[in-house]
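Every number for a ligand or one of its atoms is a count from 1 in the order of the listing. The first residue in the sequence is number 1, and the count goes up from there.
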Amino acid sequence: MRKMIVAGNWKMNKTVAEAADLVDALKIDLAECQEVEVVVCPPFTALKPVSDRISETQIALGAQNMYWEREGAYTGEVSPAMLKEFYCRYVILGHSERRAYFGETDESVNRKLKAALENNLRPIMCVGETLEQRDADETADVVTRQVRQGLADVDPDDLRRVVIAYEPVWAIGTGRTASAEQAQEVHALIRTLLVEKSNDTVAQSVRIQYGGSVKPNNAAELFACEDIDGGLIGGAALDARSFTDIVKAAM
Ligand SMILES: O=C[C@H](O)COP(=O)(O)O
C-alpha cells in the first residue's frame, strides 16, 4: 500500500519572513501528520529557515531544482550536497516551468535524477503534456517519452525512491483541472511504463502525484483514483488553510 504524498511547490514565492510564517502555520495542523507524507518546497533562499522550523516535525523538505555536478564553475547552480546540508529529502526535477523557461530537456532531467539518487535525495520528476499536444492526441506519446527518457539507466530498485508528478501543462495555474478520469488514465499509463522498466512489485510501490490547479474542493475526487497517490500543489500551497485542507483530503 502506497503512502499518499502531498507536496507544496512554493515556486518563486515567499521571502524568508513569509516562508517562516507559512511553515509556522502549517505546523499547527500538520506537524504530527503520519497518514500522509507532507513535503514543502520553498525557494532556495528559504530552505534553511524552513528546515530549522520543521526539524522536529513529520514535514519533509524539498527543493525545486538542482544541478547534477558536485561542485565547480557553474554560476547560479546548486548541487545535491548543498541541498543535503539543509536536510532536503526531496527535489523537484523537470517541472514544466523549468522545461519551458529554462531549457530543461529529458536528458538534463535524467542526469539530475540520477545525481539526486546517488546523493540520497528523492526526485519528484514532473511530466505532462501541453494543451496543443493534448488536442493533437499526443498525450500518451509525450508522457511515455518523458518517463522513459527521464528514467533512462535508472536501476529498477532505485525506482522505489522516485516520485513522479503528472502535471498537464494546461492545468497549471489556470484553474482548469484535469478531470479525475483524465488524470487517472495518464497515471495508469505511467504505472504501466514503470512495470516495463522494473516489475509489478516495484511499479506498485512508486508514488505518482497529480498536479495542476489542485484545490481543497477538487482534491478528494482526484486522490480517490486508484493510481493517484497525492498531489504536487502550486498556488494552493501558498496558503496554510488551503494546503492543510488538501492534505486532509488525502487522509
Ligand atoms: O508544481 C505545482 C504545479 O505546477 C501546480 O501548480 P498550481 O497548483 O498552481 O496549478
**Under 4.0 Å to a heavy atom of Gly173 - the qualifying atoms of ligand 1, by number** = 7 (P), 9 (O), 10 (O)
**Asked** Which bit of Ile172 gets closer than 4.0 Å to ligand 1, counting heavy atoms only: side chain, backbone, both or neither?
**Response** both
**Request:** Verify the distance criterion only: is there a donor paired with an acceptor across the side chains of Gln209 and Asp229 at less than 3.5 Å?
**Result:** no
**Fill in**
Correct closest heavy-atom pair for Pro156 and Lys197 would be CG-O, 3.8 Å
**Message:** Geometry only, no angles: is Gly212 polar-contacting ligand 1 at N/O separations under 3.5 Å?
**Reply:** no
**Message:** Within the 4.0 Å heavy-atom shell around Leu232, which atoms of ligand 1 are there?
**Reply:** 1 (O), 2 (C), 5 (C)
**Message:** Tell me whether Thr174 has any N or O atom under 3.5 angstrom from an N or O of ligand 1.
**Reply:** no
**Request:** Counting heavy atoms only, name the option from Gln209, Lys11, Glu167 that's nearest to atom 6 (O) of ligand 1.
**Result:** Lys11
**Request:** Just need the protein heavy atom nearest to atom 8 (O) of ligand 1, so name the residue and atom and give the distance.
**Result:** Gly234 N, 2.9 Å
**Asked** Does a salt bridge link Arg191 with Glu226, judged by any charged N lying under 4.0 Å from a carboxylate O?
**Response** no
**Request:** Could you list which atoms of ligand 1 come closer than 4.0 Å to a heavy atom of Asn9?
**Result:** 1 (O), 2 (C)
**Request:** Please state which part of Ala171 comes within less than 4.0 Å of ligand 1, counting heavy atoms only: side chain, backbone, both or neither.
**Result:** backbone
**Asked** Transitively linked via ILVMFWY side-chain contacts under 4.5 Å: Val39 with Ile164?
**Response** no
**Residue-ligand contact Ala236/ligand 1, heavy atom below 4.0 Å** = no
**More than 12 heavy atoms of other groups within 6.0 Å of Arg241 CZ** = no
**Prompt:** With distance as the sole criterion, is a donor-acceptor pair present between the side chains of His95 and Glu167 under 3.5 Å?
**Reply:** yes
**Asked** Are Ile5 and Val50 joined in one hydrophobic group, where the rule is that I, L, V, M, F, W and Y side chains link up if heavy atoms are under 4.5 Å apart?
**Response** no
**Message:** Less than 3.5 Å apart, any donor N or O on the side chain of Tyr166 or Glu129 sitting next to an acceptor on the other?
**Reply:** yes
**Message:** So if I count the atoms of ligand 1 from 1 in the order they appear, which ones are less than 4.0 Å from some heavy atom of Gly235?
**Reply:** 7 (P), 8 (O), 9 (O)
